[in-house]
K.L.:
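I'd like to ask some things about the structure below.
Every chain is numbered from 1 and lettered A, B, ... according to where its sequence line falls, protein lines coming before strand lines.
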Protein chains: 2
Amino acid sequence: MPEGTTLISSDLCAMPFPVHPPTHAECTGAMRSVRDALDLLGGKWKLPIIVGLSNGPQRFKQLQREVVGITAKMLSKELKELEINGLLTRHVQADTVPVAVTYTLASYGKTLFPVIEALHQWGQQHRTHIMHPGAAAMLEEAAG
Amino acid sequence: MPEGTTLISSDLCAMPFPVHPPTHAECTGAMRSVRDALDLLGGKWKLPIIVGLSNGPQRFKQLQREVVGITAKMLSKELKELEINGLLTRHVQADTVPVAVTYTLASYGKTLFPVIEALHQWGQQHRTHIMHPGAAAMLEEAAG
DNA sequence: CATATCGGTATCCTTTGGGAAACCACTATC
DNA sequence: GATAGTGGTTTCCCAAAGGATACCGATATG
């Protein structure tokens, strides 16, 4: 595993002497957790890569074809970060030539499925919402 | 409402002549939707802002205090984009002085609650996962 | 009189994200 | 002999994201 990078950045609520009285959503609620998650999953590629691995292990080039548009450099970089954070594992099979490198979603990575699912559902609904507004109005009413 | 910007960027699957045979996850699955959602919600501040509005309408400065660390410039910019996409509404009360501007989560914005919830849950669990590894092992086993 | 609040805007600046292309050694295939 | 595929790294470069600071006119508060 490569050397470590960031783990948590927004430790606002862990400060010994809070600078200001914590506001409603700040320390009580979802704000901090959401930002923690975003620190790890933010950027253009991390989630798409995880989606690409969700149907089973993939080799590098294979994965690059799956995640359309990503360059080898970015894929390599993102894979390293995801591995550091324990979301996937990298396995090198040295007996073949050239060596076969396989990336597998770790069990911890699979805990992201609910997040992926939610984003997937929303993104899908958003597309129809844009294409013909009013079609998704029922959904809104339910939530409104 | 300000003038329009992006709506959908990854229209890979809508191309008249697909450059390559669609791979498994690419057109069939979650990849496209997730990327659509990410286009809209990506960046450091959009989701935190929505969280900040999830407990009721907020005025500008109020919201800026809630979303700790955001500058007025960024908040202003992000609010515009979120309004363009119909996730929130901006209301100006002109009879007071100085004018009071209120931002309210639109019903369409509330359809993001499942996404927020998922991220919130995961981020929360991730924090404990880091603090004392092994505590969240049960969760992983359930998903693994 | 000085200071703070309101909702921003304008300007300048740095950092990061991310793309393009070349390149590596080796093998298999045409 | 040329080409493609394997798993990347390296270099160069640009655009976008985002931070810091100053400022606006009005009003209220000390």
K.L.:
Whole angstroms only, please: what is the CD-C1' distance between A/Gln58 and D/dG7?
P.N.:
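Taking atom C1' of D/dG7 as the reference, CD of A/Gln58 is at 15 Å.
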K.L.:
Using heavy-atom distances to pick each residue's nearest nucleotide on DNA chain D, tell me which of A/Lys77 and A/Pro98 is more 5'.
P.N.:
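Its nearest nucleotide being more 5', the pick is A/Pro98.
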K.L.:
In whole angstrom, give the distance that lies between atom NZ of B/Lys73 and atom C1' of D/dT21.
P.N.:
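Atom-to-atom, B/Lys73 to D/dT21, this comes out as 11 Å.
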K.L.:
Would you tell me whether B/His126 and A/Tyr108 have side-chain atoms, one donor and one acceptor, within less than 3.5 Å of each other?
P.N.:
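A donor-acceptor contact under 3.5 Å links the two side chains.
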K.L.:
Round to the nearest Å and state the distance from B/Lys61 atom NZ to C/dC6 atom P.
P.N.:
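Between P of C/dC6 and NZ of B/Lys61: 7 Å.
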K.L.:
Nearest whole Å is fine: how far is D/dA20 P from B/Gln64 CD?
P.N.:
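In whole Å, D/dA20 P lies 12 Å from B/Gln64 CD.
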K.L.:
Would one find a side-chain N or O of A/Arg65 under 4.0 angstrom from OP1 or OP2 of D/dG5?
P.N.:
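Indeed not, no polar side-chain atom of A/Arg65 lies that close.
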K.L.:
If each of A/Thr71 and B/Arg90 is mapped to the nucleotide of DNA chain C with the nearest heavy atom, which maps nearer the 5' terminus, i.e. the 5' end?
P.N.:
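Here B/Arg90 is the residue nearer the 5' end.
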K.L.:
Any luck finding a side-chain donor-acceptor pair between A/His120 and A/Gln124 under 3.5 Å?
P.N.:
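A donor-acceptor contact under 3.5 Å links the two side chains.
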K.L.:
When you check the gap from the basic side-chain N to the acidic O, do B/Glu78 and B/Lys46 get nearer than 4.0 Å?
P.N.:
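Between B/Lys46 and B/Glu78 there is a salt bridge, with a charged N closer than 4.0 Å to a carboxylate O.
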K.L.:
Would you kindly give the CD1-to-C1' distance between A/Ile49 and C/dG18, to the nearest whole Å?
P.N.:
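Answer to the nearest Å: 13 Å.
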K.L.:
What is the separation between atom CD1 on A/Ile70 and atom P on C/dG17, rounded to the nearest whole Å?
P.N.:
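Checked: the CD1 to P distance equals 13 Å.
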K.L.:
What is the distance from CE of A/Met74 to P of D/dG8, rounded to the nearest Å?
P.N.:
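Those two atoms, CE and P, are 15 Å apart.
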K.L.:
Is the shortest side-chain N/O distance from A/Arg59 to OP1 or OP2 of D/dG7 below 4.0 Å?
P.N.:
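So the side-chain polar atoms of A/Arg59 do come within 4.0 Å of the phosphate oxygens OP1 or OP2 of D/dG7, strictly under.
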K.L.:
Atom CG of B/Asp39 and atom P of D/dA16: how far apart are they, to the nearest Å?
P.N.:
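For the pair B/Asp39 CG and D/dA16 P, the rounded distance is 14 Å.
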K.L.:
Please check: side-chain N/O of A/Gln93 versus main-chain N/O of A/Val99, any donor-acceptor pairing under 3.5 Å?
P.N.:
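No; zero donor-acceptor contacts below 3.5 Å.
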K.L.:
Under 4.0 Å from OP1 or OP2 of D/dT6: is there any side-chain N or O of A/Thr96 that close?
P.N.:
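A/Thr96 to D/dT6 OP1/OP2: no side-chain N or O under 4.0 Å.
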K.L.:
When you measure from the side-chain N and O atoms of B/Lys44 to the phosphate of D/dG19, is any distance below 4.0 Å, counting only OP1 and OP2?
P.N.:
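So the side-chain polar atoms of B/Lys44 do come within 4.0 Å of the phosphate oxygens OP1 or OP2 of D/dG19, strictly under.
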K.L.:
I'd like to know if the side chain of B/Gln125 pairs up with that of B/Gln121 as donor and acceptor (distance under 3.5 Å, no hydrogens or angles considered).
P.N.:
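Side-chain D/A pair, B/Gln125 to B/Gln121: absent.
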K.L.:
May I ask you to evaluate whether B/Lys80 reaches the phosphate of C/dT9, defined as a side-chain N or O under 4.0 Å from OP1 or OP2?
P.N.:
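For B/Lys80, the contact criterion (side-chain N or O under 4.0 Å from OP1 or OP2 of C/dT9) is met.
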